[in-house]
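Reading through the structure tokens given below for one structure.
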Amino acid sequence: MLLRRKNDTLAFCGQDIPRHGCGGPHSGFLGPPGCGKTLQMRALVRTALFPRGRLATNCLCFDIKNEWVAHLTAMGLQPNQLMVSNPMSPLCSAAPDFAADFSTETSAATLAETLIPMGQNLSQPFFPEAARLCLAALVVALGRRTDSWNLRHLVYIARRPTHVALLLRGEPDLLSRVQHVISQHAPGQAAAVLATISVALGPIAPVASAYSHLPAFSVKQWAQDSSRPHIFVLSSSASNHVGLERINRALFSIACTALEDMPDARDGQERMWMLIDEAAACGKLGLERALLVLRSKGARTIIANQDLESLARIHGSPQAALGLFANVAMLGVMPPLSPLTMQFVTQQMGQKKVMQTSGSESMGSGGTSNGTSWSQVGVPPVTQAQLSSLGGPSKRNGVAVLARAGVWWKGRVEPAWLRRHLVEPDQRALEASQQQRPAHWQMENPLDESEAQLLRLPWPLPEAPPADLFGAVEV
């Protein structure tokens, strides 16, 4: 683990901030498209991940726009330090090992909840709930039979009633669990539950098939080992975005769980940075818990979104969105701001005495610090009028910053400061991230004899389901 030197700084909205002197580990950005938010993020990410021009710690990066690989490569990321979740990208060299990472009943339930969404305005929520229970039982059943199952095995079996019956009848306790729920709440509706699973896993099937062409790696193992830093990019796909987004949420969850199982980090130790751009587009990730719990485990987060309204829609209430950014120690806001965002910022800045900071550093030979001095002067709280005056088409890069440590500033980020911290995206990496593997990678092929033996299923596999698929539960 690389230890940070005391004179390390983070580039944040026109200021060079002491790495461990900003009041907390998490940083955030709020602002509409075109306000310069991505530029500020790139400057921060470069100083956070590449303080010496090379990757210093693990990073989990949500890349909905498929542009961060090019930025990270330009900053110093080497090809052998990159992992990508989209199997149709040539940059993806390994598939997540679902058997290793979802090996407990708790993690199996988490995977099922992520892959089968509840939907909105459901008149009968029982069916997705029962589908999740059944899928979790299948995950546990596969794990009991082999530690080499993959996502394709799970999806292929779960979408075929015959295979579901064969697998669960070999695990009486799991079969009884599913049987009891269906018989109690919807007698005779087993077929409807299985149809719900089949429909929900439809978008997952092409991604699962593509993963089966690649060697496996454990996300959990990666998250807990920072000795050889890598960046795991949870990327998007134009053709499979629905399925891949659900898988990305499951992978994010297992990475967070892996960090949560680690002992508390030493003072100043960084085990992982999490970069979450366009947070609302990433879906409901459980970010508030991650921000609260993982800070003691050495996780630092950079989260960005256009406004708080879109997060409120995803998380179910304005309070949830406000609570998410209330955990951020350094928040850069770039007007024009939405009404809820404006309300949040002015309330936060008005709750305590705000300060303005300035400082200087001198560097000696070998990069050691000869001295650092910081001074603070009191300034009045920010007002809506002050924030609004920073925005507008002729005032690009206007920014106000709220810090938990009681420091804030407002003004325009100078172009010279940005040029010092930014690098142009790597064009070859950008082109590579936009390429696609052959379409046949996504084709769903039947299980073969060797796979049936691996999963301890009879061969040849029967074609028609039994009349009493779940025993006493009529289909």
Side-chain angles (χ1 to χ4, degrees), residues 1-30 36-63 67-78 81-83 222-223 226 228-234 255 259 265-279 287 290-291 294-305 325 327-332 361 367 399 401 403-405 407 413 417-423 425-426:
M1 183 69 204
L2 178 66
L3 295 178
R4 310 296 181 198
R5 293 187 299 185
K6 291 183 178 179
N7 57 13
D8 276 348
T9 58
L10 297 175
F12 194 88
C13 295
Q15 303 287 327
D16 296 324
I17 307 299
R19 193 176 194 99
H20 300 292
C22 52
H26 308 309
S27 307
F29 299 89
L30 286 168
K37 181 170 73 261
T38 300
L39 294 179
Q40 308 301 336
M41 288 184 64
R42 285 165 54 193
L44 175 59
V45 168
R46 187 184 181 192
T47 51
L49 298 181
F50 303 90
R52 304 290 180 267
R54 62 184 183 275
L55 184 63
T57 189
N58 281 339
C59 174
L60 185 65
C61 172
F62 259 99
D63 189 12
E67 62 181 23
W68 275 99
V69 169
H71 294 315
L72 294 167
T73 301
M75 294 174 192
L77 180 67
Q78 300 302 309
Q81 297 174 319
L82 173 67
M83 302 179 296
W222 163 75
S226 55
R228 293 177 297 173
H230 287 73
I231 294 181
F232 186 21
V233 176
L234 303 177
L259 277 179
R266 301 186 304 273
D267 184 33
Q269 183 184 15
E270 296 174 6
R271 288 194 176 118
M272 182 185 295
W273 280 80
M274 295 184 179
L275 171 59
I276 304 169
D277 195 4
E278 302 297 344
L287 276 177
L291 293 173
L294 298 183
R295 59 184 297 163
S296 65
K297 307 298 181 178
R300 303 189 70 164
T301 304
I302 302 171
I303 179 173
N305 202 54
F325 273 89
N327 290 303
V328 169
M330 297 289 293
L331 176 61
E361 292 181 294
V399 62
V401 172
R404 183 176 295 167
V407 177
V413 177
W417 182 91
L418 274 175
R419 286 195 299 269
R420 179 158 57 92
H421 288 292
L422 293 180
V423 289
D426 187 286

*Check step by step if side-chain contact (heavy atoms from CB on, under 4.5 Å) holds for L49 and L72.*
CA-CA 9 Å; L49 298 181; L72 294 167; 4.1 Å; yes
*Would you give the length of the straight line joining atom OG1 of T9 to atom CG of D16, rounded to the nearest 0.5 angstrom?*
4.5 Å
_With heavy-atom distances below 4.5 Å as the criterion, would you say the side chains of I303 and F325 are in contact?_
yes
*Out of curiosity, R42 CZ to Q40 CD, how far, rounded to the nearest 0.5 Å?*
10.5 Å
_Minimum-distance pair of heavy atoms, taken over all atoms of P425 and H71_ = CB-ND1, 3.6 Å
*asked:* Under 4.0 Å between a side-chain nitrogen and a carboxylate oxygen: does that hold for D8 and R52?
replied: yes
*Which heavy atom of F12 sits nearest a heavy atom of G28, and at what distance?*
CZ-O, 3.8 Å
*Does T47 have any side-chain contact (heavy atoms from CB on, under 4.5 Å) partners at least two apart in sequence or in another chain, and if so, which?*
L10, A11, L44, H421
*asked:* One pair to check against side-chain contact (heavy atoms from CB on, under 4.5 Å): K37 and L30. What are the steps and the verdict?
replied: CA-CA 7 Å; K37 181 170 73 261; L30 286 168; over 6 Å; no
*Scan L77, D63, L275 and name whichever one has a side chain to side chain contact (heavy atoms under 4.5 Å, CB included) with I231.*
L77
*Is there a side-chain contact (heavy atoms from CB on, under 4.5 Å) between W273 and I302 once you walk through the steps?*
CA-CA 8 Å; W273 280 80; I302 302 171; 3.7 Å; yes
*Tell me, do W68 and M41 make a side-chain contact under 4.5 Å, heavy atoms counted?*
yes
*asked:* Applying side-chain hydrogen bond (donor to acceptor under 3.5 Å, both in side chains), can you list everything that pairs with N58, at least two apart in sequence or on another chain?
replied: W222
*asked:* Is the shortest side-chain heavy-atom distance between F50 and L55 below 4.5 Å?
replied: yes
*For the residue pair A299 and P25, what are the closest heavy atoms and their distance?*
O-CB, 3.9 Å
*Any side-chain heavy atom of P229 sitting closer than 4.5 Å to one from R54?*
no
*Flag, side chain of R271 to backbone of S226, donor-acceptor distance under 3.5 Å*: no
*Determine whether M75 and V45 make a side-chain contact, defined as any pair of heavy atoms from C-beta on separated by less than 4.5 Å.*
yes
*How close do C13 and W417 get, heavy atom to heavy atom, and via which atoms?*
N-CH2, 3.8 Å
*What distance do C61 atom SG and L234 atom CG have between them, rounded to the nearest 0.5 Å?*
7.5 Å
*Taking Q78 for its side chain and G76 for its backbone only, find out whether a donor-acceptor pair lies under 3.5 Å.*
yes
*Could you tell me the separation between the CE atom of M274 and the OG1 atom of T301, rounded to the nearest 0.5 Å?*
5.5 Å
_I'd like to check E67 versus T38 (side-chain heavy atoms, cut-off strictly below 4.5 Å). Are they in contact?_
yes
*Might you work through the side-chain contact (heavy atoms from CB on, under 4.5 Å) test for R300 and R19, ending with a clear yes or no?*
CA-CA 11 Å; R300 303 189 70 164; R19 193 176 194 99; 3.9 Å; yes
*asked:* What I'd like to find out is whether the side chain of Q15 reaches to under 4.5 Å of the side chain of V413, using heavy atoms alone.
replied: no
*Can you check whether M83 reaches V233 side chain to side chain, under 4.5 Å on heavy atoms?*
no
*Please report the shortest heavy-atom distance between L259 and A223, naming the atom on each side.*
CD2-O, 3.7 Å
_Nearest 0.5 angstrom please: Q81 CD to T73 OG1, how far?_
10.0 Å
